[in-house]
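Atom set for the values below is all heavy atoms of this structure, side chains included, hydrogens, waters and symmetry mates excluded. Computed from a prediction, not measured in an experiment: that's the story for all the values here.
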Amino acid sequence: MNEENQNVAAQEETGAQFTIQRIYTKDVSFETPNSPAIFQKEWTPEVKLDLDTRSNKLDEGVFEVVLALTVTASIGEETAFLCEIQQAGIFTIAEIEEVQLAHMLGAFCPNVLFPYAREAVSNLVNRGTFPQLNLAPVNFDALFAQYMQQRAAQAEQATADA
């Protein structure tokens, strides 16, 4: 009980609030367009990972963040499998500055969601009877920083053009 009181006191001092309300799979798809012929080939795939995040405000201080992963494994010109996951979460984020909110929605929340999406991809690939696929960790902080730099460069370019 004492620990709970300390956590509440710490939140009251800083004012910042972060709570995970729910983590869920919003959409999932797994396709093997060239089966069963693909199973006869030597397994030397080229694996491509595409990431995307989006967020929307549900209520005051409540946001849904969706991490979309698309994993494509190809052998030569043929697609072995295509796995798409939209892992989502509902987060309470309150009493923080706009810049910090953007970082929370663009990097911190996707970082929370990624292990769930990675597990879902691994399970689907396994159920497709393909060899184990473990996605490498993703540095969402670096991706967010890169995105912010691109936005700043675009704004600077737009100002220069005007």
A.B. asks: For atom OH of Y147, is the number of surrounding heavy atoms from other residues, nucleotides or ligands below 6.0 Å larger than 12?
C.D. replies: no
A.B. asks: More than 12 heavy atoms of other residues, nucleotides or ligands under 6.0 Å from OH of Y116: yes or no?
C.D. replies: no
A.B. asks: Please say yes or no: joined through hydrophobic side-chain contacts below 4.5 Å, possibly via intermediate residues, are F39 and I75 part of one cluster?
C.D. replies: yes
A.B. asks: Going through the checks in order, is the side-chain contact (heavy atoms from CB on, under 4.5 Å) test met by V71 and L133?
C.D. replies: CA-CA 10 Å; V71 180; L133 175 66; 3.8 Å; yes
A.B. asks: Would you find a donor on one side and an acceptor on the other, under 3.5 Å apart, between the side chain of E84 and the backbone of F30?
C.D. replies: no
A.B. asks: Please check this pair: side chain of R118 against backbone of L135, looking for a donor-acceptor N/O pair closer than 3.5 Å.
C.D. replies: yes
A.B. asks: Which value, rounded to the nearest 0.5 Å, describes the distance between M104 atom CE and C109 atom SG?
C.D. replies: 5.5 Å
A.B. asks: Decide yes or no on salt bridge (Lys or Arg N to Asp or Glu O under 4.0 Å) for E64 and K57, but give the supporting numbers first.
C.D. replies: CA-CA 6 Å; E64 178 192 48; K57 189 173 184 175; over 6 Å; no
A.B. asks: Are F108 and F144 an aromatic pair by the rule of ring centers under 6.0 Å?
C.D. replies: no
A.B. asks: Report yes or no: does N139 contribute a side-chain atom to a donor-acceptor pair with the main-chain N or O of A142 at less than 3.5 Å?
C.D. replies: yes
A.B. asks: Is there a side-chain hydrogen bond (donor to acceptor under 3.5 Å, both in side chains) between T92 and Q21? Walk through the geometry before answering.
C.D. replies: CA-CA 7 Å; T92 301; Q21 290 187 12; 2.6 Å; yes
A.B. asks: Consider only side-chain N and O atoms of R151 and Q146, and report whether a donor and an acceptor are under 3.5 Å apart.
C.D. replies: no
A.B. asks: Taking C-beta and beyond as the side chain, do F91 and L105 meet within less than 4.5 Å on heavy atoms?
C.D. replies: no
A.B. asks: With the 4.5 Å side-chain cut-off for hydrophobic clustering, are V65 and V138 part of the same group?
C.D. replies: yes
A.B. asks: May I ask you to decide if A80's main-chain N or O and N34's side chain share a donor-acceptor pair within less than 3.5 Å?
C.D. replies: no
A.B. asks: Starting from the C-alpha separation in whole Å, work towards a yes-or-no answer on side-chain hydrogen bond (donor to acceptor under 3.5 Å, both in side chains) for Q132 and S122.
C.D. replies: CA-CA 7 Å; Q132 185 71 32; S122 180; 2.6 Å; yes
